[in-house]
Every structure is written in C-alpha cells, then in structure tokens.
Amino acid sequence: MTIAFVSHSDCLLHDMGAMHPECPARLRAIDDQLIASGLAGFLDHVDAPLAAREQLARVHGTDYVAQVEAASPRSGLHHLDPDTAMCPDTLNAALRAAGAGIARQSSM
C-alpha cells in the first residue's frame with residue numbers, strides 16, 4: 001500500500017503572520033521532518049487540485065461559499081471571525097486543501 005502526501009505549493013502562500021500557527025514555516029517543518037526521517041521517499045507526493053464549487057456545495061451551502069469567496073482580500077488580512085483570517089492567498093490554499101481531500105477520497 002502506498003501512502004499519499006497530498007499538498008501544493010499554493011498552501012505555502014497562506015500566511016497569517018509570524019506569530020500565528022498557520023504559517024508557511026509549519027508546512028516546511030513537516031517537509032523537513034519527512035526528509036530527515038527518511039520517510040519522504042516512501043510517500044506518493046501528489047499535487048492537490050483546486051476544489052470546484054460543485055464539490056464544495058456537497059458540504060457547504062452555496063451562499064456560504066460565495067460569502068467566503070467575496071471576503072477574500074486583495075491585500076492585508078481580513079478576519080471572518082475572531083479565530084479565522086484570510087490573506088490574499090488563503091482562498092486558493094483552502095481550495096487546494098479541500099481538493100486534496102476530495103482527490104484522495106475519489107481515488108479510494
């Protein structure tokens with residue numbers, strides 16, 4: 001059995017600032033640990049596709065999806081709520097994250 005490591009470089013662009021746990025350094029640390037442990041060579045590295053609106057609509061209302069898309073800032077950070085913020089690249093990173101789950105689920 002092959003283990004897939006599904007990710008995309010777009011996810012490195014989701015940056016909430018130096019002190020936030022959702023930072024590119026966290027993803028790089030995971031990659032570094034996989035390499036250092038020797039596990040990276042045993043993984044099937046797969047680029048996460050973008051999730052389509054129809055796929056998102058299976059679990060989220062279309063109005064909610066539209067609200068999140070509309071909230072995506074052109075610059076700076078935009079807070080959706082006290083715990084959730086978006087930078088200009090967050091939407092794409094989120095679509096890749098959702099696409100990763102969808103892609104692996106449909107290949108099973």
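Being a predicted model, the structure only gives us computed values, none of them experimental. Counting begins at 1 with the first residue of the sequence.
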- Heavy atoms, side chains only, cut-off 4.5 Å: are Leu12 and Arg28 in contact?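 Yes. Closest side-chain heavy atoms under 4.5 Å.
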Are [X] and [Y] linked, directly or through other ILVMFWY residues, by side chains that come within less than 4.5 angstrom of each other?
X: Leu91; Y: Tyr64; value: yes
X: Val65; Y: Leu80; value: yes
X: Met86; Y: Leu13; value: no
X: Leu56; Y: Leu50; value: yes

Roughly how far, to the nearest 0.5 Å, is [atom2] of [Y] from [atom1] of [X]?
X: Asp44; Y: Thr2; atom1: CG; atom2: OG1; answer: 6.0 Å
X: Asp15; Y: Asp89; atom1: CG; atom2: CG; answer: 9.0 Å
X: Ile35; Y: Ile30; atom1: CD1; atom2: CD1; answer: 12.0 Å
X: Cys87; Y: His78; atom1: SG; atom2: NE2; answer: 12.5 Å

- Could you pull out all residues at least two apart from Asp83 that satisfy side chain to side chain donor-acceptor pair (under 3.5 Å)?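 Not a single residue meets the side chain to side chain donor-acceptor pair (under 3.5 Å) criterion with Asp83.
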- Whether His45 side chain and Ser7 backbone form a donor-acceptor pair below 3.5 Å: no
- Query: For Glu69, does its backbone N or O pair with a side-chain atom of Ser72 as donor and acceptor, under 3.5 Å?
  - Reply: no
- Item | Identified side chain to side chain contact (heavy atoms under 4.5 Å, CB included) counterpart of Phe5 within the set Leu34, Leu39, Val46 | Leu34
- Query: How close do Pro88 and Arg74 get, heavy atom to heavy atom, and via which atoms?
  - Reply: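 Minimum heavy-atom separation between Pro88 and Arg74: CG-O, 3.4 Å.
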- Residues Asp10 and Ala93: closest non-hydrogen pair is O-CB, 3.9 Å
- Excluding sequence neighbours, so at least two apart, what forms side-chain contact (heavy atoms from CB on, under 4.5 Å) with Ala48? Val6, His8, Arg96, Ala100
- Show the numbers, then the answer: is there a side-chain contact (heavy atoms from CB on, under 4.5 Å) between Met16 and Thr90? CA-CA 9 Å; Met16 299 293 95; Thr90 296; 3.6 Å; yes
